[in-house]
Every structure is written in C-alpha cells, then in structure tokens.
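One structure below.
Proteins get letters first, then strands, A, B, ... in listed order; numbering begins at 1 in each.
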Amino acid sequence: MEITAIALLAVTATVLLLILRQSRPEMALVLSILVGAMIFAAAVPKIGMIVATLSSIAAKTDVGSLHLGALLKIVGVAYIAEFGAQICRDAQESAIASKVELAGKVIILTLSIPIVLVILDSVLKLLP
Amino acid sequence: MGINYSVILQVAVFGFVVAILHKILEKSGREEYAQVLVLLGVIVVMFTVIRWMNELFFTIRAMFQF
C-alpha cells in the first residue's frame with residue numbers, strides 16, 4: 001500500500017526536520033521542499049485516471065469537451081500555486097506567499113474567461 | 001519516477017554535516033568560512049531540489065494537459 005510508505009516517509013522527514021531546524025533552518029526548508037515535492041509527484045499520477053474518466057464522460061456530451069482542457073489547467077494551476085505559497089509560508093515569508101496566490105488567482109481568472117463568455121452567451125440566447 | 005528514498009537520506013545527511021561543520025567553524029573562530037559553507041551547502045542542495053521540483057511540475061502539467 002503506497003499510503004503507508006507516504007505516511008511513514010512524511011513522519012520520518014518531520015522528525016528529521018525538527019532536529020535540523022534548530023541548527024540550520026535553511027537546510028530544513030530545502031529538505032522539506034524535497035520531501036513535499038517527491039510525495040506530491042508520487043500522488044499526482046493517480047489523478048490521471050480520474051482525468052481520463054472525466055474526459056470520457058465529457059466526450060459523450062456535446063459541450064463538455066471544449067472547456068474540459070481549461071478546467072483541468074485551472075486545477076493544475078491551483079495545485080502548483082498552493083505548493084509554492086505553502087513553501088514560502090513555511091519559511092515565514094507570508095508576503096511572497098500571498099503574491100504567489102494572487103498570481104495563481106489572476107491566471108485562473110484569465111483561463112476561465114472563455115467559459116464565462118459561453119455561459120453569458122447561452123443565458124443571453126435564453127432571454128427573449 | 002517513484003519516491004527516491006536515497007536522495008532524501010543524502011540531503012538530510014548533507015544538512016546535518018553542514019550543521020556540524022558550521023558549529024565547528026564557528027567554535028574555532030572562522031565565522032566567515034562558516035557563512036560561506038552554509039551558502040555553498042544550500043546551493044549544492046538546491047541543484048537536487050530544483051531537479052525534483054521540475055519533475056513534480058512536469059508531472060502536474062502532464063496530468064492536467066497543460
């Protein structure tokens with residue numbers, strides 16, 4: 001079971017980091033980035049199956065497949081922005097973290113403009 | 001790639017070695033060498049960390065079809 005490996009790795013890394021943070025906090029930060037990136041990179045491919053299922057469902061409907069790409073990109077941007085912001089917050093740099101989150105929000109808004117326009121079009125067509 | 005446990009252990013041991021060397025250099029009076037050592041240690045570890053962060057971001061982009 002992979003979840004046990006991930007949980008054990010996370011607990012071991014936390015204990016090691018606790019010791020390392022007392023003497024060298026910057027080495028503790030890079031080690032936590034490394035462990036976090038590795039665990040994340042091991043978990044993300046599992047989402048590939050969910051994405052494939054979503055794509056097959058969207059292919060059956062007429063309208064879903066156009067914007068599924070934008071939706072998936074939005075989710076990916078959210079993951080990456082959250083990862084970067086949390087690392088900055090761990091290093092007590094919450095100003096940079098909020099700037100990363102702001103950039104993520106702006107990018108997501110930009111990506112979602114076509115979907116909003118399509119919804120507006122449909123609503124306007126419905127109105128007499 | 002899966003989880004590479006040896007890299008994590010290497011970075012952790014490297015971090016502890018840097019901490020011990022820093023303490024030794026400080027105690028023996030060479031403070032500037034201690035600071036330079038810490039900087040070099042972070043740069044060396046960043047090579048590995050950036051490689052794995054790149055792997056993570058490529059995986060995310062592949063999954064969500066960027």
Using 0.5 Å steps for rounding, measure from the [atom1] atom of [X] to the [atom2] atom of [Y].
| X | Y | atom1 | atom2 | result |
| --- | --- | --- | --- | --- |
| B:His22 | A:Ser23 | NE2 | OG | 9.0 Å |
| B:Phe57 | A:Phe40 | CZ | CZ | 8.5 Å |
| B:Met46 | A:Glu26 | CE | CD | 12.0 Å |
| A:Ile33 | B:Thr48 | CD1 | OG1 | 12.0 Å |

Within the structure provided, determine whether [X] and [Y] are in side-chain contact (heavy-atom separation under 4.5 Å).
| X | Y | value |
| --- | --- | --- |
| A:Met38 | B:Val7 | yes |
| B:Ile60 | A:Phe83 | no |
| B:Val45 | A:Leu34 | no |
| A:Ile47 | B:Phe64 | yes |
| B:Phe16 | A:Arg24 | no |

Show the nearest heavy-atom pair for residues [X] and [Y], with the distance to one decimal.
| X | Y | result |
| --- | --- | --- |
| B:Thr59 | A:Pro45 | CG2-CG, 3.8 Å |
| B:Leu56 | A:Ala41 | CD1-N, 3.5 Å |
| A:Gly48 | B:Met63 | CA-SD, 3.3 Å |
| A:Leu31 | B:Ile8 | CD1-O, 3.9 Å |

**Report entry** Which portion of A:Leu71 sits near chain B, non-hydrogen atoms under 4.5 angstrom
**Finding:**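 Contact with chain B is absent: no heavy atom of A:Leu71 under 4.5 Å.
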**Report entry** Which atoms of A:Val51 approach chain B - backbone, side chain, both or neither, heavy atom under 4.5 Å
**Finding:** side chain
ILVMFWY network linking [X] to [Y], side-chain heavy atoms under 4.5 angstrom:
| X | Y | result |
| --- | --- | --- |
| B:Tyr33 | B:Leu21 | yes |
| A:Leu17 | A:Ile19 | yes |
| B:Leu25 | B:Leu40 | no |
| A:Leu109 | A:Leu102 | no |
| B:Phe14 | B:Val36 | no |

Report task. Please step through side-chain contact (heavy atoms from CB on, under 4.5 Å) for the pair B:Ile3 and A:Ile6, ending with a clear verdict. Result -> CA-CA 9 Å; B:Ile3 299 183; A:Ile6 289 176; 4.1 Å; yes
Query raised in the report: CD of B:Glu26: more than 12 outside heavy atoms within 6.0 angstrom?
Result: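 Correct, the count exceeds 12.
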Query raised in the report: Out of A:Leu20, A:Val30, A:Ile39, A:Val75, which one racks up the most heavy-atom pairs below 4.5 Å with chain B?
Result: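 Winner by heavy-atom pair count: A:Leu20.
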Requested in this report: Under 4.5 Å heavy-atom distance to chain A, tell me which part of B:Tyr5 shows up: side chain, backbone, both or neither.
Outcome: side chain
